[in-house]
Amino acid sequence: ASEKEATDKGISKEALDKIRADEALKAKPMQEENEKLKGQLRKVQLDDRVQSLLLKAGVMPDRITKAMRDLAPGANGRVDLTEDGDGIVVRDANGNITTETIEDFVGKTYKTESPFFYTGTNASGSGAEAGSGDAGSGGGYDPVAAGRKAAALQKKTAEDNALAFK
């Protein structure tokens, strides 16, 4: 009620102020609960969804917290909720809104920009398939057989030398 309506009904300004203060005090827990619920809803709509998409796109679980901090809304944030809260907006490195989907962003753009967060391709540096081995690993090489062969060659060489000096 306005002050004029209150005074017309015989309520003093002090009484009106007390009524307003009491109402504000009663409303405070509801406002706090509302803010808490908004935060939880935002976490589900943005944080949990982005985190899930990042993990699916190959971000290492032990680096997900840093990746989420890197993308979080704020001064340099790359993702945020749309105005209606139903979708996710992707921003470029300069903070401009793009038309890129969140799935394309985490699977392509961000993966190229921040490969540190993502698991490797499991390919070796030589271009060979992962697990194909390297020049010094096995390949049918038997050190015991090679040692026996070397010992036999030394023995034969020693015999040949002994015959040469008879």
Side-chain angles (χ1 to χ4, degrees), residues 1-7 9 11 13-143:
S2 72
E3 283 189 43
K4 180 163 178 19
E5 291 174 331
T7 53
K9 293 182 180 177
I11 300 173
K13 181 179 178 338
E14 292 77 24
L16 182 60
D17 289 343
K18 182 173 178 356
I19 292 169
R20 286 180 177 161
D22 289 345
E23 291 301 315
L25 195 60
K26 288 178 189 175
K28 187 174 182 174
M30 289 185 287
Q31 290 170 337
E32 289 172 352
E33 180 70 13
N34 187 19
E35 290 304 312
K36 180 181 172 188
L37 292 173
K38 279 183 184 178
Q40 289 173 345
L41 180 61
R42 179 178 180 78
K43 182 181 181 317
V44 169
Q45 287 178 317
L46 181 66
D47 298 354
D48 290 356
R49 182 168 176 218
V50 170
Q51 183 170 325
S52 174
L53 290 169
L54 284 168
L55 290 168
K56 186 177 176 184
V59 169
M60 290 182 265
D62 62 332
R63 296 181 181 175
I64 192 72
T65 302
K66 287 184 180 182
M68 289 297 293
R69 224 178 296 135
D70 189 42
L71 297 175
N76 296 322
R78 300 294 299 276
V79 296
D80 203 349
L81 287 176
T82 55
E83 288 293 321
D84 61 10
D86 289 336
I88 296 177
V89 173
V90 176
R91 297 180 188 279
D92 64 19
N94 297 322
N96 301 314
I97 295 175
T98 69
T99 58
E100 188 172 28
T101 66
I102 184 65
E103 292 81 7
D104 284 346
F105 175 72
V106 299
K108 297 175 187 171
T109 305
Y110 190 62
K111 191 173 193 174
T112 302
E113 292 175 0
S114 301
F116 167 78
F117 294 119
Y118 290 80
T119 55
T121 61
N122 290 328
S124 70
S126 66
E129 293 287 326
S132 64
D134 59 296
S137 66
Y141 178 75
D142 183 359

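- Of all the heavy atoms in G107 and A57, the pair that sits closest is CA-CB, 4.0 Å.
- Two residues are said to be in side-chain contact when any heavy atoms from C-beta on lie closer than 4.5 Å; L71 and F105 meet this criterion.
- Taking CD1 from I88 and CG from D80, the interatomic distance works out to 9.0 Å, rounded to the nearest 0.5 Å.
- In this structure, OG on S114 lies 8.0 Å from CZ on R78, to the nearest 0.5 angstrom.
- By the side chain to side chain contact (heavy atoms under 4.5 Å, CB included) test, I11 is found to be paired with A6, A15, L16, residues two or more places apart in sequence or in another chain being considered.
- If you take CZ on R49 and CD on E103, they are separated by 5.5 Å, rounding to the nearest 0.5 Å.
- Scanning both residues, K66 and F117, for their nearest heavy atoms gives CB-CE2, 3.7 Å.
- Among all heavy-atom pairs drawn from D86 and D84, the shortest one is N-OD1, 2.9 Å.
- Only one option out of V90, D92, V89 pairs with E100 in a side-chain contact (heavy atoms from CB on, under 4.5 Å); it is V90.
- Nearest heavy atom pair, residue P61 against residue I64, reads O-CG2, 3.2 Å.
- Of the candidates L54, V106, I102, I102 is the only one forming a side-chain contact (heavy atoms from CB on, under 4.5 Å) with V79.
- Within a 6.0 Å radius of CD in E32, other residues, nucleotides and ligands contribute more than 12 heavy atoms.
- Here the straight-line distance linking atom CG of D22 with atom CG of D17 works out to 11.0 Å at 0.5 Å rounding.
- To the nearest 0.5 angstrom, K18 atom NZ is 10.5 Å from E23 atom CD.
- Atom CG of L53 sits about 9.0 Å away from atom OG1 of T101, to the nearest 0.5 Å.
- For S52 (side chain) and D48 (main-chain N/O), no donor-acceptor pair under 3.5 Å exists by modelled atom type.
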For D47 and Q51, what are the C-alpha separation, side-chain angles and deciding distance, and is it a side-chain contact (heavy atoms from CB on, under 4.5 Å)? CA-CA 6 Å; D47 298 354; Q51 183 170 325; 5.8 Å; no
